[in-house]
Amino acid sequence: MSDVSERVREHAMSTGLPSGVASARAREIIARLALEDRIRLLSGADMWHTVAVAEAGIPAIMLTDGPHGLRKQGGSGDVGFAPGVSATCFPTSATLACSWDPALAEQVGRAIGEEAAAEGVAVVLGPGLNLKRHPCCGRNFEYYSEDPLLSGRMAAGLVRGVQSFGVGACLKHYAVNNQETNRMVLDAVVDERTFRELYLAGFETAVVESAPWTVMCAYNRVNGEYCSDSHRLLTEILREEWGFEGLLMSDWGAVNDRVAAVAAGLDLEMPGSHGVNDAALGEAVRSGVLAGEAVDACAARVVELAVRSEEAAELRAGGSPGAQNADAHHELARRAAAESTVLLTNDGILPLARGVRIAVIGAMAAEPRYQGAGSSQVTPTRLESALDALHSAVTARESAPSAADVAYVAAYDPVTGDLEPDGLAEASRAAAAADVALVFVGLPASYESEGFDRAHMRLPEGHDRLVEAVCAANPRTVVVLAGGAPVELPWVDEPAAIVLTYLGGQAGGGAVSDVLVGDAEPGGRLAETWPLALEDVAADANFPGEGRQIRYREGLYVGYRYFTTAGRPVRFC
């Protein structure tokens, strides 16, 4: 056994979790099943459940989205974005990475695992740890960093936390999945050194340090071969080199050739093919194209996941985890958001002095942009706005507060980002009448989401105009910036301070209030480079590419590796 394999096994044993090797019970069950039943186990029963074989004692288990909180939809659901059950919405991975604190990620993971267990969820589909190759990837809010070591360590912390409660975590999307454009068919062409040192390294770290129960393969091809079909990627590297012993599943609809996928070591197809691929697998085994042992190995891992989930649920029986901890989880979310908030600039205006008159400007102060758009959306248990939190903070701080202590102007539409009629004029008047102006701006959900990449790195035009107008009216202006990725800041030298919250989760409004008034330290440091402009990014000439192939011609020169090597200036390092 390799050193890596032994470290994975030791970690699994030290946490009291099953090692992932197909258990004797799973093999015994598989041996009693007909070929058709073994094959049936290899596909989802519906959008979110595995297949049960009641007569063999194999329960169905539920998988749900959840990189930063549980997204459990009712019924069989769909892969759309319908509201799910209420759960704590923690800061997204892009935010949490700025804490540089795997122990904090582990605490968040434990809370997610606890809530998942309370909802009968066996596997949480997260964390995502694809590398941030380019700042305009539409899903960057769901990933940690441009650095694989930081990504891997943070992901490992979250996995350990989730699994400490007897719920499986799922590393995704394996591998070289760094853009949304053509993600289902794209061929990412990358040289071997870059492949190993950048795009696989984070996954390796997370596998070795946290022994995840499951890993999810990506839609795309790597060097001409679909991830779902790649024996090298799924078996030779992941299992044989790194010692992964858990279950491998597909992203939803990511299977290209089911027979090739089983031969490559892909255990579970989600959400299933309504029997079409089952028939193909049966024919392949009967004709000798596919070894029956390959089906048995995959089926055994599916059974073991179901058995381990069932055993964990039995150990938890008698309690009611999660529900009574909503308040504690909300406070954890608030602390995590504050510890991940980055103070980009500050001339000494922060923390705010007592007794100052504050103008709060920008609709995001009242209607926060607090999480990403797409399959990771969580229905929060509650939602704090910065405006409400600031009102509460001022009331608590001042002996005789008045309504005038915190004035508010929306100035723009929070959904589109477009300025309201007279928005600039109203904002300028409010700023001029205040001692300090707090301007809340950022990327609306329509600007960044799973499913598409950003075409540019700019804020909505109205947001830039708003910052410039308020700074002209009052030089004591603090800009609070929300969004899941870097943006251009043409006005960067004008505000007295710039506070970056990324996407702070349901308690992000309270967290930024804590930071502004000095009740919490802005503990974050950037986990990705903020370039001056897109043309400064080494990968930009080959992003998102044209057609179905993209060449990673920049090689190792991703993020800080490029800027430090080339000696190029950046906005924030």
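All values below come from the heavy atoms of this structure, side chains included, with hydrogens, waters and symmetry mates left out.
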*Quick one: does R369's side chain have a donor or acceptor within less than 3.5 Å of a partner on L443's backbone?*
yes
Worksheet item: Ion pair present between R183 and E180, side-chain N to carboxylate O less than 4.0 angstrom?
Response: yes
Check whether W100 reaches the backbone of R525 with its side chain - one donor and one acceptor, N or O, closer than 3.5 Å. yes
Sidechain-backbone polar pair: D267 side chain, L248 backbone, donor-acceptor under 3.5 Å: yes
Exercise. Examine distances only and state if a side-chain atom of W252 and a backbone atom of M47 form a donor-acceptor pair shorter than 3.5 Å.
Key: yes
Could you check whether atom CD of E521 has more than 12 heavy atoms from other residues, nucleotides or ligands sitting under 6.0 Å from it? no
### Task
State, without any angle test, whether E114 and N325 hold a side-chain donor-acceptor pair at a distance under 3.5 Å.
yes
Correct closest heavy-atom pair for T88 and A333 would be CG2-CB, 4.2 Å
- Which class fits the ring pair Y174 and F203: parallel under 30°, tilted 30 to 60°, perpendicular over 60°? perpendicular
Side-chain donor or acceptor of T214 paired with backbone N/O of A169 under 3.5 Å: yes
Residue set satisfying ring-ring contact (aromatic ring centres under 6.0 Å, His included) with Y199, at least two apart, ordered chain then number -> Y552
For E339 and R334, what are the C-alpha separation, side-chain angles and deciding distance, and is it a salt bridge (charged side-chain N to carboxylate O under 4.0 Å, His left out)? CA-CA 9 Å; E339 292 185 17; R334 185 165 177 163; over 6 Å; no
Paired with R139, the side-chain hydrogen bond (donor to acceptor under 3.5 Å, both in side chains) test is passed by just one of S449, S376, S375, namely S375
Begin from the C-alpha positions of T92 and Y143 and carry the test side-chain contact (heavy atoms from CB on, under 4.5 Å) through to its verdict.
-> CA-CA 8 Å; T92 65; Y143 303 139; over 6 Å; no
Hey, are the side chains of V108 and L158 touching, using non-hydrogen atoms and a 4.5 Å cut-off? yes
Interatomic distance, CD@E142 vs CG@L503, rounded to 0.5 Å, equals 11.0 Å
Between N178 and N130, is there a side-chain donor-acceptor contact under 3.5 Å, judged purely by atom types and distance? no
Check: S151 side chain, D147 main-chain N or O, donor-acceptor pair, under 3.5 Å: yes
So, does S340 use its side chain to make a donor-acceptor pair with the main chain of A336 at under 3.5 Å? yes
Per side-chain contact (heavy atoms from CB on, under 4.5 Å), L268 is matched among L63, L41, V51, V255 by L63
* Under 4.5 Å between any side-chain heavy atoms of Y502 and L526, yes or no? -> yes
Review point. With side chains defined as the heavy atoms from C-beta onward, is the minimum distance between T95 and T501 less than 4.5 Å?
Key: no
**Verdict with reasoning, E245 to R239, per salt bridge (charged side-chain N to carboxylate O under 4.0 Å, His left out)** = CA-CA 6 Å; E245 296 176 324; R239 294 195 187 280; over 6 Å; no
ask   = Counting distance only, does the side-chain N/O of S230 pair as donor-acceptor with the main-chain N or O of C227 below 3.5 Å?
value = no
Exactly one candidate in Q371, E384, H330 meets side-chain hydrogen bond (donor to acceptor under 3.5 Å, both in side chains) with Q506; the answer is H330
Give a yes or no on whether a salt bridge exists between K172 and D251, defined as a side-chain N under 4.0 angstrom from a carboxylate O.
-> no
Original post:
Less than 4.5 Å apart, any side-chain heavy atom of P522 and any of V342?
Top reply: no
Check step by step if salt bridge (charged side-chain N to carboxylate O under 4.0 Å, His left out) holds for R316 and E311.
CA-CA 9 Å; R316 294 190 302 264; E311 290 175 348; over 6 Å; no
Discussion item. With a 4.0 Å cut-off on N to O distance, would you call E115 and R110 a salt bridge?
Written reply: no
Hey, is R25 close enough to E310 for a salt bridge, meaning N to O under 4.0 Å?
yes
N-O pairing of R32 and D37 below 4.0 Å: no
**Q.** S99 side chain to L96 backbone, donor-acceptor under 3.5 Å
**A.** yes
SG of C217 to CE of M270, rounded to nearest 0.5 Å, is 12.5 Å
- Is the backbone N or O of L131 less than 3.5 Å from a side-chain atom of N177, with the two atoms forming a donor-acceptor pair by type? no
When N220, N140, D453 are each screened for side-chain contact (heavy atoms from CB on, under 4.5 Å) with Q179, the one that passes is D453
Salt bridge (Lys or Arg N to Asp or Glu O under 4.0 Å) filter on E36, not counting sequence neighbours, yields R286
